[in-house]
Asks: 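Structure below; questions to follow.
Atoms considered below: every heavy atom in the structure, side chains included; atoms not considered: hydrogens, waters and symmetry mates.
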Amino acid sequence: MNRGFDLVVVGAGIVGLAHALAGVRRGWRVAVVERDTRCVGASVRNFGFVTVTGQAGATRRRAERTRAVWAEVAPAAGIAVLHRGAWVTARRPAAVAVLEAYAAGPHGAGCRLVDGAAARAQLPMLHADTRAALWSRHELRVESRDALPRLAAWLAEVHGVQFFWGETVHEALAPQVRTARRVLQAARVVACPGTVFGGIGAEVLASHGLRLTRLQMLRVRPPSPWRLPGAVLGDLSLVRYGGFAQLPEAQALRTALQHDAADCLAHGVHLIVVQSADGSLVVGDSHHDDTAAGPFAAPGAPPSEAVDTLILRELQALLVPGDYGVVERWSGHYPVGHDDDVLVHTPGPATRLVVVTSGTGASTAFALADEVLDTL
Ligand SMILES: Cc1cc2nc3c(=O)[nH]c(=O)nc-3n(C[C@H](O)[C@H](O)[C@H](O)COP(=O)(O)OP(=O)(O)OC[C@H]3O[C@@H](n4cnc5c(N)ncnc54)[C@H](O)[C@@H]3O)c2cc1C
């Protein structure tokens with residue numbers, strides 16, 4: 001088949017699917033070409049945590065808009081929203097100071113800071129050492145491994161997006177997208193290859209010095225069958241998310257963490273805990289440079305059991321101690337090394353290469369796609 005499309009998207013991760021949605025909302029005929037037979041990249045390996053609180057600058061604005069699109073699209077596409085809101089908890093006095101400053105600042109709207117006792121009254125599973133918690137109503141969470149296939153199916157069935165699964169794109173420059181099997185005619189092309197640096201856009205991505213960071217993730221059973229009312233984060237996240245980490249109060253927390261959690265900082269461990277429909281908890285993560293990793297990991301090199309142990313130790317300090325049996329382990333990657341959270345390159349007047357260069361694609365993709373298509 002050799003048909004003309006208003007937009008051809010390369011890659012069926014969340015960034016590609018967001019561009020497909022933005023295209024059909026403009027009334028365009030859209031195709032998506034994906035080299036795998038289903039989505040298997042970062043977009044199905046993440047927490048599905050659409051994070052607004054703690055994001056800074058343009059990322060924050062994109063996250064607010066993207067959260068609104070998720071809230072609208074999820075029911076239409078049959079995607080369950082498993083959490084609404086998040087609890088950012090503080091164990092160390094310096095972490096409490098960060099939350100107080102955040103709550104009093106411009107992004108504190110929609111958030112409520114409570115002391116440890118009040119937080120535990122709502123979340124009895126929080127550790128007894130919790131001194132304070134910031135409740136934010138902004139977040140939502142979907143189960144990405146279910147949500148992505150549903151989103152793709154909805155785009156195909158309801159919006160007529162044509163998917164070409166299992167075809168690697170070798171050339172993507174409007175007006176043509178070329179695979180081994182076909183040449184698609186495209187008025188516009190957006191390539192969203194995620195972590196695949198070696199294919200289309202290889203030279204561009206290399207010239208920007210992008211690297212890959214590897215994250216370790218766990219699924220555990222809670223010690224008893226409780227229900228988390230929202231995502232839970234801890235002190236370590238306050239030096240990781242820009243909206244917290246850029247506050248002057250975060251420096252004292254960094255110093256405190258260097259003193260008593262240096263191993264977590266060294267392995268980029270910070271804790272996000274979310275719950276799935278079956279009651280299991282998704283817990284992570286860690287961050288290691290993985291750009292030059294081969295297929296065989298040396299002892300101690302990531303993915304490593306030692307890092308999983310660190311994540312589980314922090315879990316026991318964030319929530320009530322107990323037996324959190326591991327039921328699943330996986331890792332995923334995202335690109336880093338760009339000044340901004342997003343790299344948008346223009347290889348031609350009607351072609352864009354779009355890579356989210358931070359761990360925020362699920363939180364920003366819908367807004368980003370609108371911005372990109374506005375330029376085409
Ligand atoms: C463990 C982990 C946890 C995370 N947690 C969160 C979170 O909670 N919240 C959040 O907002 N973000 C999170 N992120 C980041 C987020 O998942 C990513 O930013 C996002 O998934 C990137 O989406 P993508 O579509 O660019 O990439 P991908 O999902 O990797 O998709 C890219 C697709 O392009 C395809 N492709 C590449 N080259 C070609 C080609 N030549 N031809 C055809 N197809 C091609 C690939 O096969 C792939 O399917 C997390 C990431 C990881 C790894």
Asks: Around atom CG of D374, are there more than 12 heavy atoms from other residues, nucleotides or ligands closer than 6.0 Å?
Replies: yes

Asks: In the single-linkage hydrophobic clustering (I, L, V, M, F, W, Y; side-chain heavy atoms under 4.5 Å), do W70 and V81 co-cluster?
Replies: yes

Asks: Taking only Lys NZ, Arg NE, NH1 and NH2, and the carboxylate oxygens of Asp or Glu, determine whether R62 and D341 approach each other closer than 4.0 Å.
Replies: no

Asks: Take E371 and R352, measure what salt bridge (charged side-chain N to carboxylate O under 4.0 Å, His left out) needs, and give me the verdict at the end.
Replies: CA-CA 11 Å; E371 285 172 33; R352 299 289 180 272; over 6 Å; no

Asks: Could you walk me through whether Q176 and Q185 pass the side chain to side chain contact (heavy atoms under 4.5 Å, CB included) test, one step at a time?
Replies: CA-CA 5 Å; Q176 284 192 341; Q185 302 301 322; 3.5 Å; yes

Asks: Say you draw a straight line from NE2 of H127 to CG of L315; how long is it, rounded to the nearest 0.5 Å?
Replies: 10.5 Å

Asks: Could you tell me whether a side-chain N or O of S363 sits under 3.5 Å from a main-chain N or O of T66, the two making a donor and an acceptor?
Replies: no

Asks: Please lay out, stage by stage, how W165 and V32 fare under the test side chain to side chain contact (heavy atoms under 4.5 Å, CB included).
Replies: CA-CA 8 Å; W165 296 101; V32 176; over 6 Å; no

Asks: Can any side-chain N or O of D129 pair as donor or acceptor with the backbone N or O of R91 at less than 3.5 Å?
Replies: no

Asks: Keeping R120 on the side-chain end and A128 on the backbone end, is there a donor-acceptor pair under 3.5 Å?
Replies: yes

Asks: Specify the closest pair of heavy atoms between H83 and P229, including all atoms of both residues, with the distance to one decimal.
Replies: ND1-C, 4.3 Å

Asks: Compare every heavy atom of G201 with every heavy atom of L353, then report the nearest pair and how far apart it is.
Replies: CD2-CA, 4.0 Å

Asks: So, H19 side chain and G23 main chain: donor-acceptor pair closer than 3.5 Å or not?
Replies: no

Asks: Could you check whether any side-chain N or O of D235 sits under 3.5 Å from a backbone N or O of R92, counting only pairs where one atom can act as donor and the other as acceptor?
Replies: yes

Asks: Measure the spacing between CG of L343 and CG of L205 and express it to the nearest 0.5 Å.
Replies: 6.5 Å

Asks: Cut-off 3.5 Å, side chains only: do D278 and S280 have a donor facing an acceptor?
Replies: yes

Asks: Ignoring hydrogens, what is the shortest heavy-atom contact between E139 and V52? Give both atom names and the distance.
Replies: OE2-N, 2.7 Å

Asks: Determine whether L319 and W226 satisfy the following criterion, side chain to side chain contact (heavy atoms under 4.5 Å, CB included), listing intermediate values before the conclusion.
Replies: CA-CA 12 Å; L319 302 182; W226 33 251; 3.8 Å; yes

Asks: Using 0.5 Å steps for rounding, measure from the CD atom of Q162 to the CG atom of L184.
Replies: 8.0 Å

Asks: Do R254 and Q251 have side-chain atoms, one donor and one acceptor, less than 3.5 Å apart?
Replies: yes

Asks: I'd like to know if D6 pairs up with R26 as an ion pair, taking the criterion as any Lys NZ or Arg NE/NH1/NH2 lying under 4.0 Å from an Asp or Glu carboxylate oxygen.
Replies: no

Asks: Do NZ/NE/NH1/NH2 and the carboxylate oxygens of R211 and D289 come within less than 4.0 Å?
Replies: yes

Asks: For atom CG of D323, decide whether the heavy atoms of other residues, nucleotides or ligands shown that lie under 6.0 angstrom number more than 12.
Replies: no

Asks: Mark yes or no for whether T213, through its side chain, and H287, through its backbone, hold a donor-acceptor pair below 3.5 Å.
Replies: no

Asks: Under 6.0 Å from the six-membered ring centre of F5 and within 45° of its axis: does the NZ or CZ of R29 meet both?
Replies: yes

Asks: Determine, for E143 against R150, whether the closest basic-nitrogen to carboxylate-oxygen distance falls under 4.0 angstrom.
Replies: no

Asks: Using the side chain to side chain contact (heavy atoms under 4.5 Å, CB included) criterion, which residues pair with V327? Sequence neighbours excluded.
Replies: R219, R221

Asks: More than 12 heavy atoms of other residues, nucleotides or ligands under 6.0 Å from CZ of R38: yes or no?
Replies: no

Asks: Working to the nearest 0.5 angstrom, can you tell me the gap between D115 CG and T130 OG1?
Replies: 11.0 Å

Asks: Sequence neighbours left out, what passes ring-ring contact (aromatic ring centres under 6.0 Å, His included) with H267? Give chain and number order.
Replies: H288

Asks: So W87 and W135, would you call those rings parallel, tilted or perpendicular, with 30° and 60° as cut-offs?
Replies: tilted

Asks: Without swapping roles, check the side chain of S136 against the backbone of A86 for a donor-acceptor pair under 3.5 Å.
Replies: no

Asks: How long is the straight-line distance from CZ of F47 back to CG of L233, given to the nearest 0.5 Å?
Replies: 8.5 Å

Asks: Would you check if the side chain of T364 reaches a backbone N or O of A63 as a donor-acceptor pair within less than 3.5 Å?
Replies: no

Asks: State the OG-CG distance between S286 and L271, to the nearest 0.5 angstrom.
Replies: 10.5 Å

Asks: Which atom names give the shortest non-hydrogen contact between Y102 and G54, and what distance separates them?
Replies: OH-N, 3.2 Å

Asks: For R145, is the CZ atom crowded, meaning more than 12 foreign heavy atoms sit under 6.0 Å from it?
Replies: yes

Asks: Of all the heavy-atom pairs spanning R45 and S331, show the shortest one and how long it is.
Replies: NH1-O, 3.0 Å

Asks: Would you please test Y241 and H270 for ring pair (Phe, Tyr, Trp, His ring centres under 6.0 Å) and show each step?
Replies: CA-CA 10 Å; Y241 282 105; H270 81 125; 5.7 Å; yes

Asks: Side chain to side chain contact (heavy atoms under 4.5 Å, CB included), that's the test. Do T179 and F164 meet it? Break it down for me.
Replies: CA-CA 10 Å; T179 76; F164 298 93; over 6 Å; no

Asks: Taking S304 for its side chain and V307 for its backbone only, find out whether a donor-acceptor pair lies under 3.5 Å.
Replies: yes

Asks: Do the side chain of E249 and the main chain of A101 share a donor and acceptor less than 3.5 angstrom apart?
Replies: no

Asks: Inspect the surroundings of CD in E328 and state if more than 12 heavy atoms from other residues, nucleotides or ligands are less than 6.0 Å away.
Replies: yes

Asks: Looking at S207 and V204, what are the two nearest heavy atoms and their distance?
Replies: OG-O, 2.7 Å

